[in-house]
Amino acid sequence: MADKKLLLIDGNSVAFRAFYALFRQLENFRNPEGLHTNAIYTFKNMLDVVLNDVKPDHVLVAFDAGKTTFRNNMYADYKGGRQKTPSELSEQLPYIQELLHDLGISTYELDNYEADDIIGTFATIGEKEGFKVTVVTGDKDLTQLASPQTTVMVTKSGVLNLEAYTPEHMKEVNGVTPTEFIDMKALMGDNSDNYPGVTKIGPKKASQLIQEYGSVENLYDHIDDMKPSKMKENLINDKDKALLGKKLATIDRHTPLTIGIDDIKWREVDYQKLRRFYEKMNFRKFLSQLDPESAAGQKDQPVKDNKAVAFTELKENDINNFAVKDGQTITFYLGMLGANYHLADFVGFAIKIDKQIYVSRNVDLLKEPQLKNILENKQITKNVFDLKRTTVGLNRLGIHARGIDYDMLLASYLINNENNSDDMGEICRMYGDNSVKSDYDVYGKGKSAHIPEDDQVLFNHLAGKIEAIENLKETLLAKLKEHEQDDLFANIEIPVARVLSVMEINGIKVQAETLTQLQDEFAVELKKMEKQIYDEAGEEFNINSPKQLGHILFEKMGLKPIKKTKTGYSTSVDVLNQLKDESPIIGQILTYRQIAKIQSTYVNGLLDVIQKDGRVHTRYLQTLTATGRLSSVDPNLQNIPTRTEEGKQIRKAFVPSEPDGYIFSCDYSQIELRVLAQVSGDEQMQEAFRTGYDIHAHTAMKIFHLKSTADVTPLMRRRAKAVNFGIVYGISDYGLSKNLNISRKQAKQFIDNYFEQYPQIKDYMNKAVQVAREKGYAETIMHRRRYLPDIHAKNFNVRSFAERTAINSPIQGSAADIIKIAMINMQKKLDDMHLKTKMVVQVHDELIFDVPKDELETIKKIVPEVMQSAVRLDIPLVADSGYGHNWFDAK
DNA sequence: GTAATCACG
DNA sequence: ACGTACGTGATTACT
């Protein structure tokens, strides 16, 4: 017979995790009385996962009783300095208990003890009585309970992702056994519980020492044998702290409980009460799981999905019956197999007119005048999922889509871009709608992807998408409104999607002959370098393999490995540059690498993607980045080389449509620093931009305390430039020192000077972090959001990263907002003036145009104007331009 | 499929 | 004291 199973949950820590897992949804999760419910909801979700996984016979959720426990008697500051539990969470705790009781689950708390101790004690009892014990917690402290009979599940990211600590896993992670973990903690202390441990001892050292000595006590018994060192001194000086730490870290496994194991059996679920509870909390998802069958005893009922949708297969004759009037709204979906919609096979389409959904595999039906007119009529508004994809796809059928004013994909991206999926099924599930399958479930993925033969399967999928677009529209629009993003949606993202469709359809002409010529030149150069490298190494090997290269350099030739990667020696540019003087092979490798990169990625890569029309048609991904920038794929036109002479040659292949035409390029000057000057309101920096100074020279003058920019040396300017960039990224002295190859101390001095000279920038940075902490997200000037759940992370690195992101995102994101506005205005201007000039490429702060000869003068005038006037700031926006008969010469 | 490297803003 | 710049995509090697 299988063992009886006991499940023990640390109520407070799991509730805490649950609260922060959905922190960004805090204000969306409220019941009609205004009670926050995010933690209750997530707690229940977590519970379902664990109950289903463990299927326990006995369950207990333990809570902390009050503020002080026996540990405070040993150490008054225990858990001191901890932030108070936010009221939005504490108000939910009683309801979590109520929910648990309705589910037939016991809860328990005991004065003077923590939930940990209750769990430790029950685990001890459970093990004695032959239970298989599972502990669930958000706190690693409890891993000391792991044993052959007890597994400790610790929440990893979010709450649904749990890491199972067995004694073996414990050993892998910490290098010690669960009981030794107590001693390890005694030495290293615990920041969150506010006790110190031994000075200068962190997890690494603590683990080593305990592995060597087995326990704190044994370590001190043998301390005299230890070699003299700073660490030994610290250990001796902080002996009291270590011994105290051990007491504090040890979970009391013999708490004087007032209940026994028989009191915590998992009882019957009280469905009546549970239903009332869900109604009170407005938990529709859980309510829908409570239909009569589930009341019959099934504890876990998966959410229903894939209801059949009513649809009609469209036949040619039906099309004549369509009568859609101006002002009406329809919903349309065009299915394609594969990501690249410039080339992908059509799967079919679905269209909803007057409450009737029509589907067909035959996209040629769309070309029939009746349907074509509907799709091209601007007065008939359309809901779609992915405007750009739909528009480009229809264009391949000779249909010029107009009137699309709602895009579910764009809406969901603006509302929350953490999960930047472009799969409709996944997006629906984020909003609790399980009715749409993922495309990869219907079509398969990779090579085996195909269109289902079964009409029912395909049509149901297509029609289901139509329903979902309509069903979620109201919800998504309401959220956009709530976020003050209706303007961003309707007046920036939707119009920019239309502009991008035009750009992608146009493409840019790439001359294959120019590339093949470069290919030959680079091939000769590569052969030459290859030979030199083999001679120097004394053998032939694959230079492109970091593993083989590392072997040659650091083992065979005995060079000093400066940096390591997870898998071996690092051979990155950084490292090689530092070794440059050691051997001529280093320079040869650097040259080889550089050319090889250009050859494979750009020469060969571009040749592969030139279409029959002699042009490349990139796809701009509009719903991918966390900051609101675009990205570009197939090919990526946003990273065409510019920094090296060889690389730059690639740009010669990018040419205008007409032989005597021009490539015209216009880029914003220092847009991110200008945005920084704007959002920080810093007087000094704003003044510099208003005066039209060279901003890096100005910064150099400021931080080096010079009287005039005339006194700035090139070195000073270079350093000031790096500081300016660093500021935008959320600077650290370490990062700057590495970038400039200067001491950390010197870097710190630069930064201190900077903040002294531009005090409001420092204020901005502090405020950005503070606001992100309060709201859970960072925001651009156009209300684009980036959620930063990690801003509350316990882990210093994770949290610091979120803090830098809070500083950087509004800057990078606002710059992205600005150029998007410029693009919309620019396309409108080109259309209004009936110009033949095409906007062809966007590279974050620059726009590239394909200009007929006789329009050059006009373009020279209007492009900078439009870009500079995209938004009105307290400081001027400046755009510089250049042109030539190819992209190389357009500088 | 992931890691390392390097191309861009 | 912690260990570090912010966004991206493509290619290659190798599991």
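In the text below, chain A, chain B and the rest are named by the order of the sequence lines, each starting its count at 1.
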Sugar-phosphate only, base, or nothing, as touched by A:Arg593 at under 4.0 Å among non-hydrogen atoms: sugar-phosphate
Sugar-phosphate only, base, or nothing, as touched by A:Asn739 at under 4.0 Å among non-hydrogen atoms: base
Under-4.0 Å side-chain N/O to phosphate OP1/OP2 contact, A:Thr627 with C:dC6: no
Polar side-chain atom of A:Glu646 near backbone of A:Thr644 as donor-acceptor pair, under 3.5 Å: no
Touch class at under 4.0 angstrom, heavy-atom based, for A:Leu630 against every strand present: nothing
Under 4.0 angstrom between A:Ser545 side-chain N/O and C:dC14 OP1 or OP2: yes
Pairing of A:Glu504 and A:Lys388 as salt bridge, 4.0 angstrom limit: yes
N/O (side chain, A:Asn542) to phosphate O (OP1/OP2, C:dA13) under 4.0 Å: yes
Sugar-phosphate only, base, or nothing, as touched by A:Asp634 at under 4.0 Å among non-hydrogen atoms: sugar-phosphate
Distance, rounded to the nearest Å, where A:Asn795 contributes CG and C:dC2 contributes C1': 9 Å
Under 3.5 Å donor-acceptor pair, A:Gln812 side-chain atoms to C:dC6 base atoms: yes
Below 4.0 Å: OP1/OP2 of C:dT4 and any side-chain N or O of A:Arg804: no
Contact under 4.0 Å: A:Ser800 side-chain N or O vs C:dT4 OP1/OP2: no
Touch class at under 4.0 angstrom, heavy-atom based, for A:Arg786 against every strand present: sugar-phosphate
Minimum-distance nucleotide (side-chain atoms of A:His844 versus C:dG3, B:dT5, B:dG9): B:dG9
C:dA1 - base-pair partner by Watson-Crick or wobble geometry, distances under 3.5 Å: none
Sugar-phosphate, base or nothing in reach of A:Val728, heavy atoms under 4.0 Å: nothing
Basic-acidic side-chain contact under 4.0 Å: A:Arg786, A:Glu418: no
Under-4.0 Å side-chain N/O to phosphate OP1/OP2 contact, A:Thr565 with B:dA4: yes
Distance, rounded to the nearest Å, where A:Gln599 contributes CD and B:dC6 contributes C1': 16 Å
Touch class at under 4.0 angstrom, heavy-atom based, for A:Ser809 against every strand present: nothing
Sugar-phosphate only, base, or nothing, as touched by A:Gly726 at under 4.0 Å among non-hydrogen atoms: base
Contact under 4.0 Å: A:Arg744 side-chain N or O vs C:dT4 OP1/OP2: no
Parallel, tilted or perpendicular: rings of A:His617 and A:His342 (30°, 60°): tilted
Touch class at under 4.0 angstrom, heavy-atom based, for A:Asn639 against every strand present: base
Sugar-phosphate only, base, or nothing, as touched by A:Ala722 at under 4.0 Å among non-hydrogen atoms: base
Touch class at under 4.0 angstrom, heavy-atom based, for A:Phe725 against every strand present: nothing
Donor-acceptor pair between A:Gln638 and A:Ser631 side chains, under 3.5 angstrom: no
Pair A:Asp141 + A:Lys185, salt bridge at N-O below 4.0 Å: yes
Pairwise P distance for B:dA4 and C:dA5, with rounding to whole Å: 14 Å
Touch class at under 4.0 angstrom, heavy-atom based, for A:Ile598 against every strand present: nothing
Separation between the P atoms of C:dG3 and B:dC6, rounded to whole Å: 25 Å
Any N/O donor-acceptor pair, A:Ser600 side-chain to C:dT11 base, under 3.5 Å: no
A:Lys738 side chain near C:dG3 phosphate (N/O to OP1/OP2, under 4.0 Å): no
Touch class at under 4.0 angstrom, heavy-atom based, for A:Gln594 against every strand present: sugar-phosphate
SB check A:Asp694 A:Arg717 (cutoff 4.0 Å): yes
Touch class at under 4.0 angstrom, heavy-atom based, for A:Ala815 against every strand present: nothing
